[in-house]
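Here is the structure we will look at, set down as structure tokens.
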Amino acid sequence: MSSSIRIIVGLGNPGATYAATRHNVGFMALDALARQWSAVWKSDRGRKCELASGPGVLLVKPQTYMNDSGSCVGPLMRYFKFTPEQVLVVYDDTALPVGGLRLRAGGSDGGHNGMKSLIAHLGSDHFPRLRIGIGSHGQKSLVGHVLGHFAPEEKPLIEEGVQHAAKAVQLLLREGFEAAANRYNLRKKKEPKPAPPAPEQPPAPAADSSEE
């Protein structure tokens, strides 16, 4: 395994009420990974999370609710003597279209409360993250959007996005961050360049109507 990742965290809210909401795509991606690895989830009430073992990694779903996710992950990271750079976080992003993916090596919380909590409790923003697009909230409230369910036409897109996220994590573990980012990061569509204006044609010479 070429990656140094040792903990993979999926962000979401616990309970059946939130299970299929946009805010829970991090949980969905980790569930997909657990199925592919035949990993079994176990509740750890002391650490307020669900844990499963993957190939050389620990899968973590905090059960603290989104805004307090870091209070679970920070102590867990320090218990195993890992560093923030060894923690990969998978979570939702309203800036990406439904099902789109974006891997980043670090950065700010981007206004995401779960990431804000993680940065505070890990003591750093230098940890890799995989964002899964849930679409823009448009004119709707942000809270209503992220805690809402996907529209019927969006469900195939997010299901595909979750599967791609699981594959991106597996590639990252095998071949490293750059290989996974090059393969799975959503590319912005380039606007077609306007065609250059046609060169002006010199005016045709006037016909000579003079007679010899």
Side-chain angles (χ1 to χ4, degrees), residues 1 3-15 18-19 21-37 39-93 96 101-134 146 161-162 164-173 177 180-181 184:
M1 184 183 297
S3 169
S4 64
I5 299 299
R6 292 294 177 266
I7 296 178
I8 303 173
V9 180
L11 297 188
N13 288 305
Y18 302 103
T21 60
R22 296 174 190 268
H23 228 11
N24 273 39
V25 294
F27 279 10
M28 297 175 198
L30 261 67
D31 285 337
L33 277 170
R35 285 193 296 270
Q36 292 172 18
W37 288 334
V40 178
W41 290 105
K42 296 180 180 180
S43 177
D44 188 328
R45 293 187 178 181
R47 294 191 175 97
K48 298 179 182 178
C49 63
E50 290 187 359
L51 303 174
S53 295
V57 295
L58 184 66
L59 304 180
V60 182
K61 293 193 295 186
Q63 300 296 294
T64 54
Y65 289 96
M66 181 69 78
N67 294 2
D68 199 25
S69 299
S71 67
C72 155
V73 181
L76 194 64
M77 177 193 76
R78 285 183 281 275
Y79 175 82
F80 287 107
K81 296 181 172 59
F82 295 143
T83 65
E85 291 82 5
Q86 292 176 293
V87 179
L88 171 67
V89 183
V90 186
Y91 65 105
D92 59 290
D93 189 351
L96 294 174
L101 303 181
R102 176 80 68 188
L103 272 160
R104 287 190 64 192
S108 70
D109 58 57
H112 192 285
N113 288 331
M115 291 299 289
K116 188 179 298 183
S117 176
L118 277 165
I119 290 171
H121 285 273
L122 296 185
S124 171
D125 63 2
H126 296 297
F127 56 87
R129 66 282 308 265
L130 172 58
R131 295 178 288 161
I132 304 175
I134 60 170
V146 299
V162 165
H164 283 170
K167 292 177 181 177
V169 171
Q170 291 175 323
L171 181 60
L172 188 156
L173 296 177
F177 183 91
Y184 287 100

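Here Ile134 contributes atom CD1 and His23 contributes atom NE2; the two are 7.5 Å apart, rounded to the nearest 0.5 Å. Leu51 contributes atom CG, which lies 9.5 Å from atom NZ of Lys42 (distance to the nearest 0.5 angstrom). Leu11 contributes atom CG, which lies 5.5 Å from atom CG of Leu118 (distance to the nearest 0.5 angstrom). One finds the CD atom of Glu50 at 10.0 Å from the CG atom of Asp44 (value rounded to the nearest 0.5 Å). Within the model, atoms OG of Ser69 and CD of Gln63 stand 10.0 Å from one another, a figure rounded to the nearest 0.5 Å. Interatomic distance, CZ of Arg129 versus CG of Leu103, reported as 10.5 Å (0.5 Å rounding).
Contacts classified as side chain to side chain donor-acceptor pair (under 3.5 Å) and involving residues 105-127 (residues at least two apart or in different chains) are given here: Asp92-His112. Each ring-ring contact (aromatic ring centres under 6.0 Å, His included) pair with one or both residues in residues 52-80, not counting sequence neighbours, appears once here: Phe80-Phe82.
Nearest heavy atoms, Leu130 versus Ala168: CD2-CB, 4.4 Å. Between Ser53 and Ala39 the shortest heavy-atom distance is O-CB, 3.3 Å. Nearest approach of Ile5 to Leu173, heavy atoms of both residues: CB-CD2, 3.9 Å. Closest of all the heavy-atom pairs between Ala165 and Leu101 is N-CD1, 3.7 Å. When all heavy atoms of Val40 and Ala52 are compared, the pair lying nearest together is O-CB, 3.5 Å. What you find for Pro128 and Glu85 is that their closest heavy atoms are CD-O, 3.6 Å.
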Intermediate values then yes/no, side-chain contact (heavy atoms from CB on, under 4.5 Å), Phe127 and Arg104: CA-CA 9 Å; Phe127 56 87; Arg104 287 190 64 192; over 6 Å; no
Can you check side-chain contact (heavy atoms from CB on, under 4.5 Å) on Val73 and Leu76, steps first, answer last? CA-CA 5 Å; Val73 181; Leu76 194 64; 5.6 Å; no
Dump the intermediate steps for side-chain contact (heavy atoms from CB on, under 4.5 Å) on Leu58 and Ile8, then the final yes or no. CA-CA 6 Å; Leu58 184 66; Ile8 303 173; over 6 Å; no
Can you check side-chain contact (heavy atoms from CB on, under 4.5 Å) on Leu59 and Trp41, steps first, answer last? CA-CA 9 Å; Leu59 304 180; Trp41 290 105; 3.6 Å; yes
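Taking a cutoff of 4.0 Å between a charged side-chain nitrogen and a carboxylate oxygen, Asp31 and Lys61 qualify as a salt bridge.
A donor-acceptor distance shorter than 3.5 angstrom exists from the side chain of Asn24 to the backbone of Asn13, with no hydrogens or angles considered. Under the 3.5 Å distance criterion, the side-chain polar atoms of Gln36 are left unmatched by any main-chain donor or acceptor of Leu33.
Among residues two or more places apart in sequence or in another chain, the ring pair (Phe, Tyr, Trp, His ring centres under 6.0 Å) test is passed with Tyr184 by none.
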